[in-house]
Protein chains: 2
Amino acid sequence: MGIIERKEREREEMRRLIVEGARHLFVANGYEKVSIRNIAEAIEYSPATIYLYFKDKNEILYAVHSQAFGKMMEEFRPIFTIDDPFERLVEMGRRYMLFAVENPELFDIMFIVTAPMETLECREDIWSEGRIAFNMLVQVVQDCIKAGIFKVEDAEVAAMMIWSNIHGHTALFLRKRMMMFPEERRQVLMTEAFTLFCDTMKKGLN
Amino acid sequence: MGIIERKEREREEMRRLIVEGARHLFVANGYEKVSIRNIAEAIEYSPATIYLYFKDKNEILYAVHSQAFGKMMEEFRPIFTIDDPFERLVEMGRRYMLFAVENPELFDIMFIVTAPMETLECREDIWSEGRIAFNMLVQVVQDCIKAGIFKVEDAEVAAMMIWSNIHGHTALFLRKRMMMFPEERRQVLMTEAFTLFCDTMKKGLN
DNA sequence: CTTGTTTACTAAACAGTGTTCAGTATGTTT
DNA sequence: AAACATACTGAACACTGTTTAGTAAACAAG
C-alpha cells in the first residue's frame with residue numbers, strides 16, 4: 001500500500017507551498033516585513049500549521065535561501081561557454097552583482113541576513129550551498145592559474161580575495177552605504193571600481 | 001534667566017543617557033535582541049519617555065552609529081604617524097577589519113544594518129559620518145598617487161575598490177558566510193586574502 | 001460497518017515587540 | 001494663589017514568533 005509514500009509526497013508538496021508563498025512575499029514586501037501570519041494567510045492555512053512543516057522561521061528562511069541559490073546557479077550556467085578563463089572570471093563577478101541588484105531580497109537572504117545560517121549551527125552542518133558556489137569560483141581561478149594569467153600558490157586564497165571584493169560592492173550598495181554619493185555617481189563608481197579591480201587583478205596577480 | 005539653557009542641557013543629558021544605555025545593551029546582547037522596553041528599563045524610565053527624545057528606534061540606532069564612528073576614528077588616528085602612504089593604507093585596512101572583529105555589534109550598526117540609514121532618508125540628509133571616513137581613505141589613496149606608488153586617474157574609484165574589498169571580508173565573516181571553512185582555516189584565509197590583496201594592489205595599481 | 005488509533009489541522013493563548021495617547025504630577029510664570 | 005507649561009507614565013493598540021489543547025477527518029483492525 002502506497003499510503004505512506006503518498007503522505008510523504010503530500011508533506012513535501014506542503015513544504016513547497018509554504019516556501020513558494022514565503023518567497024513571493026519576501027520578494028514583494030522585503031524579508032523584514034513578512035511574518036509567519038502573512039505566509040499562513042497567503043497559502044490559506046493557520047499559522048500553527050506552518051510549524052508542523054518547519055521548526056521555526058529560520059528554517060523557512062533557509063529553504064528560501066537554498067532555492068535562491070538554485071536560481072543564481074542557473075544564471076551562472078552560460079558563463080562556462082566562455083573560453084578565456086579570465087573573461088569567465090570577470091563575467092562571473094558581473095553576474096553576481098547583477099543578481100544582487102535584480103533580486104535584492106533573495107541576495108539578502110543568501111548572503112547578508114544571519115537568520116538562515118542559524119539553522120546550520122544547531123545541526124553542525126556545513127553550508128553546502130555556499131561551499132558549492134565558492135568551489136565554482138575556485139575552479140575558475142585555477143583555470144586562470146593553468147592558463148598562466150595568474151601566478152598564485154593558493155587558489156582558494158585568491159578566490160576569497162575576489163569574492164570579498166565583489167561582495168563588498170554589492171553589500172555596501174544594498175545596505176545603503178553609498179548614500180553619501182549622488183544617485184548617478186553611485187552607479188558610475190560601482191562599475192568603475194569593478195573595472196579597476198579586474199584590471200588590477202590582471203596586472204597584479206602574476 | 002538660564003532656565004531654557006538648563007532645560008536644553010538636561011534634554012541633551014537625557015539623550016546621552018538613552019544612547020549610552022542602548023549602546024551598552026547592544027554590545028552586551030546584540031542589537032537584534034534589544035527592545036525599547038529593555039533600554040527604558042536599563043535607564044529606569046518608562047518606554048514612552050524615550051519617544052519624547054527620539055522619534056523612533058531607528059533614530060536611536062543612528063545616534064549609536066554616530067558615536068561608534070567617533071570610536072573608530074579614534075582608533076584610526078595613530079595611522080597618520082606612518083610615513084609611507086602605502087603602509088598607511090594597509091594599516092587602515094587592517095584596523096577596519098580589527099574594529100569589526102572587536103566590536104561586531106557596533107560595526108553591524110555602522111555598516112550593515114539598514115535601520116539607522118532610514119532616518120537619513122526622510123530628511124534628505126547626506127550620510128556625513130560615512131562621507132568623512134571615506135574621504136579619509138581617498139586622502140590616503142591620493143598620497144599613494146602622489147608618491148608614485150599608484151597610477152590611477154580617479155582616487156575615489158580606487159578608494160571605493162579598496163573599501164569594497166576590506167568590507168567584503170568583514171561582512172562575509174560577521175554574517176557567518178565563511179561557515180563552509182573549518183574554524184582555523186577561516187582565520188588563515190582572511191589574513192592571507194588580505195595580504196594577497198595588498199600585494200596585488202602594489203603590483204597592479206601602477 | 002463499527003470500533004480504535006493515528007494524522008492534519010486550528011483557535012486561542014503566551015510573552016514579547018514598536019508606538020501612541022490620555023492623564024498626572026511637577027516646575028515655572030503671572 | 002491661579003494659570004500654564006513641561007516631563008513623565010500606565011495602559012492600550014496592533015502587531016510579532018511560537019506553543020498547546022482540542023477537533024475533525026483519514027486510516028486500520030475486528
Side-chain angles (χ1 to χ4, degrees), chain A residues 1-19 21-22 25-26 29-65 109 113-119 121-122, chain B residues 1-19 21-22 25-26 29-65 109 113-119 121-122:
Chain A
M1 57 188 90
I3 281 178
I4 59 162
E5 283 88 342
R6 195 205 62 203
K7 293 246 160 151
E8 188 52 42
R9 275 205 316 276
E10 282 176 352
R11 199 181 157 72
E12 218 50 51
E13 179 55 30
M14 187 65 169
R15 276 181 69 97
R16 216 191 52 80
L17 187 71
I18 293 168
V19 173
L25 288 174
F26 288 151
N29 309 346
Y31 132 83
E32 289 220 292
K33 284 173 186 164
V34 177
S35 68
I36 296 279
R37 279 178 179 80
N38 294 154
I39 300 169
E41 197 179 13
I43 61 171
E44 296 178 296
Y45 278 88
S46 117
T49 302
I50 289 177
Y51 286 88
L52 299 172
Y53 296 90
F54 290 92
K55 187 182 143 286
D56 54 20
K57 202 186 178 184
N58 292 341
E59 215 171 80
I60 304 176
L61 263 294
Y62 190 85
V64 174
H65 140 284
I109 296 169
V113 174
T114 37
M117 293 295 112
E118 235 90 313
T119 57
E121 273 185 353
C122 17
Chain B
M1 57 190 91
I3 281 178
I4 58 161
E5 284 88 344
R6 193 206 62 203
K7 294 245 158 151
E8 187 51 43
R9 276 204 315 277
E10 283 176 349
R11 199 181 156 72
E12 218 48 53
E13 180 54 31
M14 187 65 169
R15 277 181 68 97
R16 215 191 53 78
L17 187 70
I18 293 168
V19 173
L25 288 175
F26 288 152
N29 308 347
Y31 132 84
E32 289 221 292
K33 284 174 186 162
V34 177
S35 69
I36 296 279
R37 280 177 178 81
N38 294 155
I39 300 170
E41 196 180 14
I43 61 171
E44 296 177 297
Y45 279 88
S46 118
T49 302
I50 289 178
Y51 286 87
L52 299 172
Y53 296 89
F54 290 91
K55 187 183 143 287
D56 55 20
K57 202 187 178 184
N58 292 341
E59 214 172 81
I60 304 176
L61 263 293
Y62 189 85
V64 173
H65 140 283
I109 295 168
V113 173
T114 38
M117 295 294 113
E118 234 90 312
T119 58
E121 274 184 353
C122 19

Counting side-chain heavy atoms from CB outward, which of [options] is closest to [X]?
| X | options | result |
| --- | --- | --- |
| A:Leu52 | C:dT10, C:dT19, D:dT16 | C:dT10 |
| B:Thr49 | D:dT20, D:dC8, C:dT17 | D:dC8 |
| B:Tyr51 | D:dT9, C:dG18, C:dT28 | C:dG18 |
| A:Ile36 | C:dC9, C:dT10, D:dT18 | D:dT18 |
| A:Ala48 | D:dT20, C:dG27, D:dC8 | D:dT20 |
| A:Tyr53 | C:dC9, C:dT10, C:dT19 | C:dC9 |
| A:Pro47 | D:dT18, C:dG18, D:dT16 | D:dT18 |

- OP1, OP2 of D:dG10 versus side-chain N and O of B:Ser46: anything below 4.0 Å? no

Round to the nearest Å and state the distance from [X] atom [atom1] to [N] atom [atom2].
| X | N | atom1 | atom2 | value |
| --- | --- | --- | --- | --- |
| A:Glu118 | D:dG17 | CD | C1' | 14 Å |
| A:Arg11 | C:dT6 | CZ | P | 18 Å |
| B:Lys7 | C:dT29 | NZ | C1' | 11 Å |
| A:Asp56 | D:dG17 | CG | P | 11 Å |
| B:Lys55 | C:dT20 | NZ | C1' | 14 Å |
| B:Ile60 | C:dT19 | CD1 | C1' | 12 Å |

- Message: Is it the case that C:dG16 (base atoms only) and B:Arg37 (side chain only) share a donor and an acceptor within less than 3.5 Å, ignoring hydrogens and angles?
- Response: no

- Item | First of B:Tyr45 and A:Lys33 reached from the 5' end of DNA chain D, by closest nucleotide | B:Tyr45

